[in-house]
Amino acid sequence: MNIGYARVSTAKQDLDRQIEALRGKGIPANHIYVDKKSESTTNRRGLHEALDQARDGDVIVVHTLDRLGRTVRDTLNLIHDLAGRGVGVRNLADPI
């Protein structure tokens, strides 16, 4: 199953572009988790909910890779942890 995650850094920013991109890849609204938090905040409810839903064989889909972590190290550690659980990560803007 594909699980979408979208994040903006402030409440004033808009999630629409990210959500539209995820929906365009066939991810239903009830499988898209969102956060409107500062980049410095590590306690992101939407991300934790997405991670809790992810099972072996699932893929976390984000518009851009920087939506996952505060830093490159955080992002890489998260991807590594997910891989250990059998969960993939897909980034729509710059597929790797």
Side-chain angles (χ1 to χ4, degrees):
M1 169 174 55
N2 286 331
I3 299 168
Y5 177 67
R7 176 181 67 83
V8 291
S9 298
T10 69
K12 292 180 182 181
Q13 292 175 315
D14 194 349
L15 288 164
D16 290 347
R17 183 180 68 139
Q18 293 177 57
I19 292 172
E20 285 177 27
L22 295 168
R23 295 292 306 272
K25 293 299 179 182
I27 301 172
N30 64 329
H31 289 144
I32 297 175
Y33 299 88
V34 300
D35 282 312
K36 284 191 170 190
K37 296 275 186 174
S38 167
E39 208 172 315
S40 63
T41 303
T42 58
N43 186 16
R44 293 179 279 155
R45 183 178 183 194
L47 178 60
H48 293 296
E49 289 174 352
L51 298 176
D52 288 346
Q53 289 298 314
R55 303 287 181 260
D56 186 19
D58 290 346
V59 176
I60 304 282
V61 182
V62 293
H63 185 257
T64 57
L65 205 51
D66 66 333
R67 302 297 82 201
L68 280 179
R70 296 178 328 120
T71 65
V72 171
R73 179 175 287 209
D74 288 344
T75 303
L76 291 175
N77 286 339
L78 178 57
I79 291 170
H80 177 75
D81 292 345
L82 288 168
R85 294 173 41 196
V87 177
V89 173
R90 181 175 173 209
N91 135 40
L92 300 177
D94 299 308
I96 300 174

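Here the structure is a predicted model, which means the values were calculated and not measured.
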Locate the shortest heavy-atom distance separating [X] from [Y]; write the atom from each residue and the value.
| X | Y | answer |
| --- | --- | --- |
| Thr64 | Ala93 | CG2-CB, 3.5 Å |
| His63 | Gln18 | CB-CG, 3.9 Å |
| Asp66 | Arg7 | O-NH2, 2.9 Å |

With a 4.5 Å cut-off on side-chain heavy atoms, are [Y] and [X] touching?
| X | Y | value |
| --- | --- | --- |
| Leu68 | Leu47 | yes |
| Val8 | Val34 | no |
| Val61 | Ile32 | no |

Is it the case that more than 12 heavy atoms not belonging to Arg85 sit under 6.0 Å from its CZ atom?
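Enclosed.
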
Going from CG on Asp74 to CD1 on Ile79, what distance comes out if it is rounded to the nearest 0.5 angstrom?
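If I round to the nearest 0.5 Å, the distance is 11.0 Å.
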
Strictly distance-based, threshold 3.5 Å: is any side-chain N or O of Arg67 a donor or acceptor partner for the main-chain N or O of Ala6?
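Looks like no, no N/O pair under 3.5 Å.
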
- Verify side chain to side chain contact (heavy atoms under 4.5 Å, CB included) between Thr75 and Val89, making sure each step is shown before the conclusion. CA-CA 11 Å; Thr75 303; Val89 173; over 6 Å; no

- Message: Quick check: is Met1 connected to Val87 through a chain of hydrophobic side chains (ILVMFWY, heavy atoms under 4.5 Å apart)?
- Response: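 Yes: a chain of side-chain contacts under 4.5 Å links Val87 to Met1.
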
My understanding is that only residues two or more places apart in sequence, or in another chain, count here; which of them pass side chain to side chain donor-acceptor pair (under 3.5 Å) with Asp35?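 Asp35 satisfies side chain to side chain donor-acceptor pair (under 3.5 Å) with Tyr5 once adjacent residues are dropped.
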
key: Residue among Asn2, Asn91, Ile3, Leu78 satisfying side-chain contact (heavy atoms from CB on, under 4.5 Å) with Ile60   =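 By the side-chain contact (heavy atoms from CB on, under 4.5 Å) criterion, Ile60 pairs with just one of Asn2, Asn91, Ile3, Leu78: Ile3.
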
Requested in this report: Among Val59, Ile19, Leu22, find the one that has a side-chain contact (heavy atoms from CB on, under 4.5 Å) with Ile27.
Outcome: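 Running side-chain contact (heavy atoms from CB on, under 4.5 Å) over Val59, Ile19, Leu22 with Ile27 returns exactly one hit, Leu22.
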
